[in-house]
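A quick write-up on the structure given underneath.
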There are 2 protein chains.
Amino acid sequence: MRTVDPERHRQRRMEIVGAALELFATQGLAGTTTAEIARAAGISSGALFHYFPSKRAVFLAMFEADREEWDEAFAAARVRSDPWAALEEVVDRVAAEAAHPLMAGLIVEVLAQAHRDPEVAGLVEAGDRRMLDGVAELVDRLCREGTADPGMPAATAARWVLTLTDAFHTRGYPEPDRDRAAETATAKRLIARALRYDGPGSPA
Amino acid sequence: MRTVDPERHRQRRMEIVGAALELFATQGLAGTTTAEIARAAGISSGALFHYFPSKRAVFLAMFEADREEWDEAFAAARVRSDPWAALEEVVDRVAAEAAHPLMAGLIVEVLAQAHRDPEVAGLVEAGDRRMLDGVAELVDRLCREGTADPGMPAATAARWVLTLTDAFHTRGYPEPDRDRAAETATAKRLIARALRYDGPGSPA
DNA sequence: GTCTATAGAGGGATAGAC
DNA sequence: GTCTATCCCTCTATAGAC
């Protein structure tokens, strides 16, 4: 006879992760204390360590929501009839995610941790690979349609697409005068230029 | 009569910075103790605080060498007759810098700190602006030569050139199977595609 | 009575600064 | 080497659901 409600337990964990995410983004992992996380989540230190065995475990738990979200996004892209439109929607989605004011700080912190913690590196790489595979699948459709340069392998092309969309969030300091709509439009244009197949004489 | 030699003092500071750089890159700022820095530099903890008022001051001192190096590089690019070759040399230089095994870790750490420390943010932005201005000047020469798309402002084009070269070092985890020569070549090709002016009917 | 959820104080270690 | 502050986590205690 289980007295525990698994759904409530999961819910509580996600609340804690949400509160911690904000602190990690602004102060970093090492710069955030477990006491701060507990206070932000409105619970005691004891309760925090009931839900997570360590501060690091809270950090690692952040990767789950993102994974689910992108799995759904690529599933949706897969059933779209127009692969160019699907690719642009992926770009829009990355731009929207990056527009969250906390995201830039969170990403650099995650990347910094990935350099020190192999498990973080594994989660980052897994997420990156999901993005890469999803985009490569779309590029592959473009090639088979004949609207993308077949000279570049789909995986390579996908990597450079992601490099261009990385521009939305890798900058490490706040740039107040960013025009995100214009950036998104430019990124799409450059992606089109990078991938488009103009025939045998195209610049390669 | 002061027995202190200013040049020796500067030399000593740079030695400490060099030792600390390695630790910051692998462990981060918060993850590095002043005791470790002192030990790595072969001095006592007391001596460390003689040369720097705080751990943060050691971190901030890292930005000087990089600035001098890039100032020289752009001065050299400015006197080259072929701006495309000069631009490619900048790309090569970024790639070479990024090939240093510590550089990737150091950059993400610097960016993470830039999100929390306004002074770090200022130094990063100043460095970024130097890169941007240097590249924009080259793009401007390309436009005046008629070999770059005049429809995109030089500053915007320069930003996207830097976005592509950022690919050399923003990835936060080690990718063992990276082919840096191929990446550099692809970056140059994509930069050419992004900037090149193919006449009024070019894809924009 | 057993198990889960929560609280909060404090241990033990370690950090930065001098 | 020392000193003070702080942090992560453990430990004990209590409340309530079954």
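First the proteins, then the strands, lettered A, B, ... as listed; each starts at 1. Fair warning: this is a prediction, and the values are worked out from it, not measured in the lab.
- With rounding to whole Å, A/R10 atom CZ is found 15 Å from C/dA5 atom P.
- If you measure from atom CZ of A/F52 to atom P of D/dT10, you get 15 Å, rounded to the nearest angstrom.
- Put simply, CD on A/E36 is 12 Å from P on D/dT6, counting in whole angstrom units.
- Taking atom CZ on A/F59 and atom P on D/dC8, their separation rounds to 14 Å, with Å as the unit.
- When rounded to the nearest whole Å, the span between CZ of A/R13 and P of C/dT4 equals 15 Å.
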_For a quick check, with a 4.0 angstrom heavy-atom cut-off, what is the B/S/- contact string for nucleotides 8-18 of chain C, read 5' to 3'?_
BB-----SBBB
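- Separating the CD atom of A/Q27 from the P atom of D/dC8 is a distance of 11 Å, rounded to the nearest angstrom.
- Phosphate contact (OP1/OP2 of C/dT6, side-chain N/O of A/Y51, threshold under 4.0 Å): present.
- Salt-bridge formation is detected for the pair A/E109/B/R116: a Lys NZ or Arg NE/NH1/NH2 atom is positioned less than 4.0 Å from an Asp or Glu carboxylate oxygen.
- Aromatic ring pairs are classed by plane angle as parallel below 30°, tilted from 30° to 60° and perpendicular above 60°; the pair B/H9 and B/Y51 is tilted.
- Between the B/E22 side chain and the B/L102 main chain, no donor and acceptor come within less than 3.5 Å of each other.
- Not one N or O on the side chain of B/K55 forms a donor-acceptor pair closer than 3.5 Å with the backbone of B/T33.
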*Could you go step by step and tell me if A/T34 and A/F49 meet the side-chain contact (heavy atoms from CB on, under 4.5 Å) rule?*
CA-CA 9 Å; A/T34 55; A/F49 282 95; 3.7 Å; yes
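- For A/H9 and C/dT6, the NE2 to C1' distance is 13 Å, given to the nearest whole Å.
- Taken to the nearest 0.5 Å, the CD atom of B/Q113 stands 12.5 Å off from the CD atom of B/E119.
- Between C/dA5 and A/H50, a contact under 4.0 Å exists linking OP1 or OP2 to a side-chain N or O.
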